[in-house]
Novice: 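Take this structure, written in structure tokens, and hold onto it; I'll ask about it next.
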Amino acid sequence: MPRTIVITLAPTSSEYPSAEYWSVMEDGRICNDLCWDEMLGVIARITLGESAKYPMITIDEHKEIAKKRALSCQLHR
């Protein structure tokens, strides 16, 4: 079943026209007045779920993970 996620950018009021905030809407639910980082977090949460974890790692850690993955692939051939 296709999903529709609507992301909008609008000023919050005429009093502060340069202050832009994001809104995210899906299936009749909405999350308003988000800054850029918050909007990205909402999108990540609804598309990837709470269990998705993408930790920040160093280049050396990344190389070690890639090496282990390559070795695992070789063992399964």
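Please read these numbers as outputs of a predicted model, since none were measured by experiment.
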Novice: Tell me whether I30 is reachable from I5 by hopping between hydrophobic residues (I, L, V, M, F, W, Y) whose side-chain heavy atoms are closer than 4.5 Å.
Specialist: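 No, I5 and I30 fall in different hydrophobic clusters.
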Novice: With sequence neighbours excluded, tell me which residues meet side chain to side chain donor-acceptor pair (under 3.5 Å) with S23.
Specialist: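 Checked S23 against side chain to side chain donor-acceptor pair (under 3.5 Å); matches are N32.
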Novice: Using modelled atom types only, decide if a donor and an acceptor are shared between the side chain of S72 and the backbone of K68 within a distance under 3.5 Å.
Specialist: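 A pair under 3.5 Å: no.
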Novice: Could you go through L34 and V42, starting from their C-alpha distance and side-chain angles, then the distance that decides it, and tell me whether this counts as side chain to side chain contact (heavy atoms under 4.5 Å, CB included)?
Specialist: CA-CA 9 Å; L34 304 168; V42 169; 3.9 Å; yes
Novice: Is the shortest heavy-atom distance from the side chain of L48 to the side chain of I43 under 4.5 Å?
Specialist: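 They are not in side-chain contact.
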Novice: Hydrophobic clusters here meaning ILVMFWY residues chained together by side-chain heavy-atom distances under 4.5 Å, can you tell me if L9 and Y21 are in one?
Specialist: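 Each belongs to a different hydrophobic cluster.
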Novice: Check the hydrophobic clustering (I, L, V, M, F, W, Y; side-chain heavy atoms under 4.5 Å; chains of links allowed) and say if I7 and I46 are grouped together.
Specialist: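 Yes: a chain of side-chain contacts under 4.5 Å links I7 to I46.
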Novice: Working to the nearest 0.5 Å, report the span between NE2 of H62 and CD1 of I57.
Specialist: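 With rounding to 0.5 Å, NE2 (H62) is 6.5 Å from CD1 (I57).
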Novice: Taking atom CH2 of W22 and atom CG of D33, what is their separation to the nearest 0.5 Å?
Specialist: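 The CG atom of D33 is 13.5 Å from CH2 of W22, to the nearest 0.5 Å.
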Novice: Distance from T8 atom OG1 to M25 atom CE, nearest 0.5 Å?
Specialist: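 The CE atom of M25 is 7.5 Å from OG1 of T8, to the nearest 0.5 Å.
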Novice: So with a 6.0 Å cut-off around CZ of R3, is the heavy-atom count from everything else above 12?
Specialist: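 Enclosed: over 12 neighbouring heavy atoms sit under 6.0 Å from CZ of R3.
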Novice: Tell me the closest heavy-atom pair linking E26 and T4, and the distance in Å.
Specialist: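 Shortest heavy-atom separation between E26 and T4 comes out as CG-O, 3.6 Å.
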